[in-house]
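Notes for the one structure printed next.
Residue numbers begin at 1 in each chain, while the letters A, B, ... track the order of the sequences.
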2 protein chains.
Amino acid sequence: MAPTPQILTAERILEATEEVLRRHGPAKATVVDVARALGVSHGSVYRHFRTKAALREAVTKRWLDRTSESLSAIVAEDRDPEARLRDWFSALFAAKRRKAGDDPELFATYMVLTDENGDAVGEHIADLVGQLRRIVEAGVAAGTFTADDPGTTARALFHASRRFHDPRYAPEWEQPGTEDDFQAVVDLLLRGLKA
Amino acid sequence: MAPTPQILTAERILEATEEVLRRHGPAKATVVDVARALGVSHGSVYRHFRTKAALREAVTKRWLDRTSESLSAIVAEDRDPEARLRDWFSALFAAKRRKAGDDPELFATYMVLTDENGDAVGEHIADLVGQLRRIVEAGVAAGTFTADDPGTTARALFHASRRFHDPRYAPEWEQPGTEDDFQAVVDLLLRGLKA
DNA sequence: CAGCTGACAGATATTGAAATCTGTCAGCTG
DNA sequence: CAGCTGACAGATTTCAATATCTGTCAGCTG
């Protein structure tokens, strides 16, 4: 058979772009590199993405969506909302900490991308806050949580836990005592939430 | 009288350095500039500060200490701990937001300095957490707060409110809804703290 | 003729030589 | 002679020339 003469698709370009970003880092990853990795001219890439910025934004969205999806399973479970909320926070923190620790360079690359794409990050945050709101609403319905406005409470929960999922704090996540600090914040927030 | 032939002191050097930083920004403020502002040679500055980094660290500490001092008055008051805690958070947030809003360039300058001087920032945070601990202890003593370990609880309060005092979030402080988000977080934390 | 190529203009990044700065210290000065 | 100066070496920054990249588009190709 011929050496995989696949047609060029947005999906394939995104995969190649991730690979190029992983290899060269955010500062040196060029559209020409992506085209070369795909064996096409860089003009072809511009047929699928209007600009380099649009291409990088699409990569960023894909990456953020992967995090959201892994957490949505916890939201969908049919369990005690308090336990789900604890698990959700733990899963979010563990996922972020693992990404930052396992491959610091790749994590730094995605930090640059998220800095560039405030809109995509805003959507991602709205998504996560929406997940929190669903858990809070379940708790209110079950009578275990008190919340005048679950949306406002969900935002408060998100903001109050930023120290443990905002990538800007990543360097502090491996310091001793961080796990205790995390538990103390979650405990305090859950106490405040109880009916 | 002669044109103020004052003797050279660490204090005068620090004042001149602040002025130079204000004028030229952190990237272009040199030791030579500071010496020129004082009418001395740059060698004299090195008599009082071993390195440029030490000079900048001293400026950073002075600046951070001013914030701590303005808050310590609230800690020392003889009032309901819950009200003091609310006022303390409000004062901290208001002070930070005012600094960031009134003179964004100077604020950016101090962001660079704090990035450079992690140790000074660490001490400052320990100082603020200590103030929180004193308020929590007062609340526990008065029977209005519950806290197994006031030190841990104070750390949790600090971390949970970072969205509203960590300068890295300054760009978000002027967005609409921020005041509501702040109140929601403080309300949630105080609910969690109540006996 | 849909999809791709590659040459091109303007924008951005790299590079290396020149300029400036940091930190030291022998000697000056009041 | 305590405190300051200013020349100096090595480190860092600046700047302008050069190279590379982005985004377009007329035309090629299967």
- Nucleotide interval of DNA chain C bounded by contacts with chain B (heavy-atom cut-off, under 4.0 Å): C/dC21 to C/dT24
- Query: So what's C/dA9 paired with, Watson-Crick or G-U wobble, going by both distances under 3.5 Å?
  - Reply: D/dT22
- Note on the structure: DNA chain D nearest-nucleotide lookup for A/Asp33 and A/Arg50: closer to the 5′ end is A/Asp33
- Message: Classify A/Thr30 by what it touches in the nucleic acid, base, sugar-phosphate, or nothing, heavy-atom distance under 4.0 Å.
- Response: sugar-phosphate
- Got a donor-acceptor contact below 3.5 angstrom from the B/Ser90 side chain to the B/Arg86 backbone? yes
- Are A/Asp87 and A/Arg84 ion-paired here, with the side-chain N under 4.0 Å from a carboxylate O? no
- Partner nucleotide, any strand, of C/dC28 [Watson-Crick/G-U, under 3.5 Å]: D/dG3
- Task: Flag the pair B/Glu57 and B/Arg62 as a salt bridge only when some basic side-chain nitrogen lies within less than 4.0 angstrom of an acidic carboxylate oxygen.
- Result: no
- Task: Using the closest heavy atom to pick a nucleotide of DNA chain C for each, name whichever of B/Tyr46 or A/Leu8 lands nearer the 5' end.
- Result: A/Leu8
- Which comes earlier along DNA chain C counting from the 5' end, the contact point of A/Ala27 or that of A/Val40, where each point is its nearest nucleotide? A/Val40
- Message: What is the separation between atom CZ on A/Arg36 and atom C1' on D/dT20, rounded to the nearest whole Å?
- Response: 11 Å
- Does the ring centre of B/Phe158 sit less than 6.0 Å away from the ring centre of B/His165? yes
- Message: Is it the case that the side chain of A/Asn117 and the backbone of A/Ala120 share a donor-acceptor pair, with hydrogens and angles ignored and the cut-off at 3.5 Å?
- Response: no
- Message: Using the ring centroid of each side chain, check whether A/Phe164 and A/Tyr169 are separated by less than 6.0 Å.
- Response: no
